[in-house]
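Single-structure report; data block below.
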Amino acid sequence: MNIMVIGAHPDDCEFFAAGTAVKFLRNGHKVKFVSVSNGDAGHQSMKRADLARRRHAEVKQADATLGVDFEILDCHDGEIVPSLEIREQLIRQIRSFRADMVLSHRPNDYHPDHRNTGILVQDTAYLVIVPNVCDDTPALEKNPIYMYLQDDFKSPAPFRPDIIVPIDDTFDKKVESLHLMPS
């Protein structure tokens with residue numbers, strides 16, 4: 001299978017799905033992490049361009065350690081909105097990777113970037129199979145399975161897992177990747 005994890009920021013995919021990704025990889029599947037923003041706002045003293053370069057380098061190293069492919073879109077951190085432009089970028093990402101499964105944030109997160117990424121991914125769910133949408137990238141023949149990443153939010157409804165993947169055997173690899181992203 002081809003599994004795509006879409007996070008709002010560089011480090012979201014690693015934080016929420018690295019252990020599960022390693023399990024998929026060990027079983028012969030392909031995994032790609034996509035960050036919608038370039039992560040250029042989350043530092044108290046670094047300038048945006050410098051921070052975006054730093055976070056890109058950190059994710060590159062962390063994801064190489066995990067063995068996953070990655071891509072960072074060029075949206076500014078703190079500025080993700082459910083726009084047609086970003087939706088189409090995500091449709092193209094999902095189609096180009098030929099995703100069988102897509103995991104992302106729920107659309108009720110406290111952080112507007114997470115919330116809007118969840119909305120954007122949700123909005124791709126049907127459109128990835130519609131040939132005349134983003135017709136420069138071949139439509140998928142069948143819709144991927146869409147799943148939410150775990151969160152601790154209670155409102156408007158608490159997260160209730162349908163599937164739980166224990167990562168005891170991959171937890172150390174996840175932590176190793178997170179240590180490579182100190183920013």
Same cluster or not: I80 versus L73, using hydrophobic residues (I, L, V, M, F, W, Y) connected whenever any side-chain heavy atoms lie under 4.5 Å apart? yes
Could you state whether I94 and I145 fall into the same hydrophobic cluster, counting links through intermediate Ile, Leu, Val, Met, Phe, Trp or Tyr residues with side-chain heavy atoms under 4.5 angstrom apart? no
State, to 0.1 Å, how close S177 and E14 come at their nearest heavy-atom pair, and which atoms those are. OG-CB, 4.4 Å
Worked verdict on K23 versus D169 for side-chain contact (heavy atoms from CB on, under 4.5 Å): CA-CA 8 Å; K23 290 181 89 73; D169 60 331; 2.8 Å; yes
Over 60° means perpendicular and under 30° means parallel, so tell me whether H114 and F16 are parallel, tilted or perpendicular. perpendicular
Do L66 and M101 belong to the same hydrophobic cluster, where Ile, Leu, Val, Met, Phe, Trp and Tyr are linked whenever their side-chain heavy atoms lie under 4.5 Å apart, directly or via other members? yes
Distance-only donor-acceptor check, side chains D63 and Q61, under 3.5 Å: no
Of all heavy-atom pairs linking P10 and S35, the shortest is N-OG, 2.9 Å
Between the OG atom in S96 and the CG atom in N2, the distance rounded to the nearest 0.5 Å is 11.5 Å
Salt bridge between R55 and D40, side-chain N to carboxylate O under 4.0 Å? no
Please list every donor-acceptor pair under 3.5 Å in which a side-chain atom of residues 117-128 meets a protein atom from a residue at least two apart or in another chain.
residue : atom : partner : partner atom : Å
T117    : OG1  : D113    : O            : 2.8
Q122    : OE1  : Y148    : OH           : 3.2
T124    : OG1  : V121    : O            : 2.7
T124    : OG1  : Y146    : OH           : 2.9

Hey, what do you get for NZ (K173) to CD1 (I167), rounding to the nearest 0.5 Å? 13.5 Å
What are the two closest non-hydrogen atoms of A18 and F33, and how far apart are they? CA-CZ, 4.2 Å
Only one of V34, D12, L103, L149 passes side-chain contact (heavy atoms from CB on, under 4.5 Å) with I6, and that residue is V34
Do any N or O atoms from the side chain of H105 and from the backbone of R115 form a donor-acceptor pair under 3.5 angstrom? no
For K30, look at atom NZ and say whether over 12 heavy atoms of other residues, nucleotides or ligands are found less than 6.0 Å away. no
Stepwise, does the side-chain contact (heavy atoms from CB on, under 4.5 Å) test hold for R54 with H43? CA-CA 11 Å; R54 176 179 176 175; H43 199 276; 4.3 Å; yes
Transitively linked via ILVMFWY side-chain contacts under 4.5 Å: L180 with V22? no
Does a side chain donor of either H9 or D77 reach within less than 3.5 Å of an acceptor in the other side chain? yes
Residue from N116, I91, V36 passing side-chain contact (heavy atoms from CB on, under 4.5 Å) with I86: V36
If every non-hydrogen atom of C13 is compared with every non-hydrogen atom of V5, which pair is closest and at what distance? SG-O, 3.3 Å
Distance, nearest 0.5 Å, that separates OG1 of T170 from CZ of F24: 11.0 Å
Atom of S183, atom of E58 and distance for their closest heavy-atom approach: OG-OE1, 2.5 Å
Looking at T137, is its backbone amide N or carbonyl O close enough to the side chain of R95 to form a donor-acceptor pair, meaning the two atoms are under 3.5 Å apart? yes
How long is the span from the OG1 atom in T20 to the CE atom in M147, to the nearest 0.5 Å? 9.5 Å
State, with a plain yes or no, whether a side-chain heavy atom of N38 is found less than 4.5 Å away from one of H56. no
Modelled atom types, side-chain donor and acceptor of S37 and E79, under 3.5 Å: no
Does a sphere of radius 6.0 Å around CZ in F153 hold more than 12 heavy atoms from other residues, nucleotides or ligands, not counting ones at 6.0 Å or beyond? yes
To the nearest 0.5 Å, tell me how far R53 CZ sits from M46 CE. 8.0 Å
Roughly how far, to the nearest 0.5 Å, is CG of L84 from CD of E88? 4.0 Å
Would one find more than 12 heavy atoms of other residues, nucleotides or ligands at under 6.0 Å from atom CZ of F159? yes
If Ile, Leu, Val, Met, Phe, Trp and Tyr residues are connected whenever their side-chain heavy atoms lie under 4.5 Å apart, and connections chain through other members, are V68 and F97 in the same group? no
Taking 4.0 angstrom as the limit, do D136 and R92 come out as a salt bridge? yes
K32 with E71: basic N within carboxylate O range, under 4.0 Å: yes
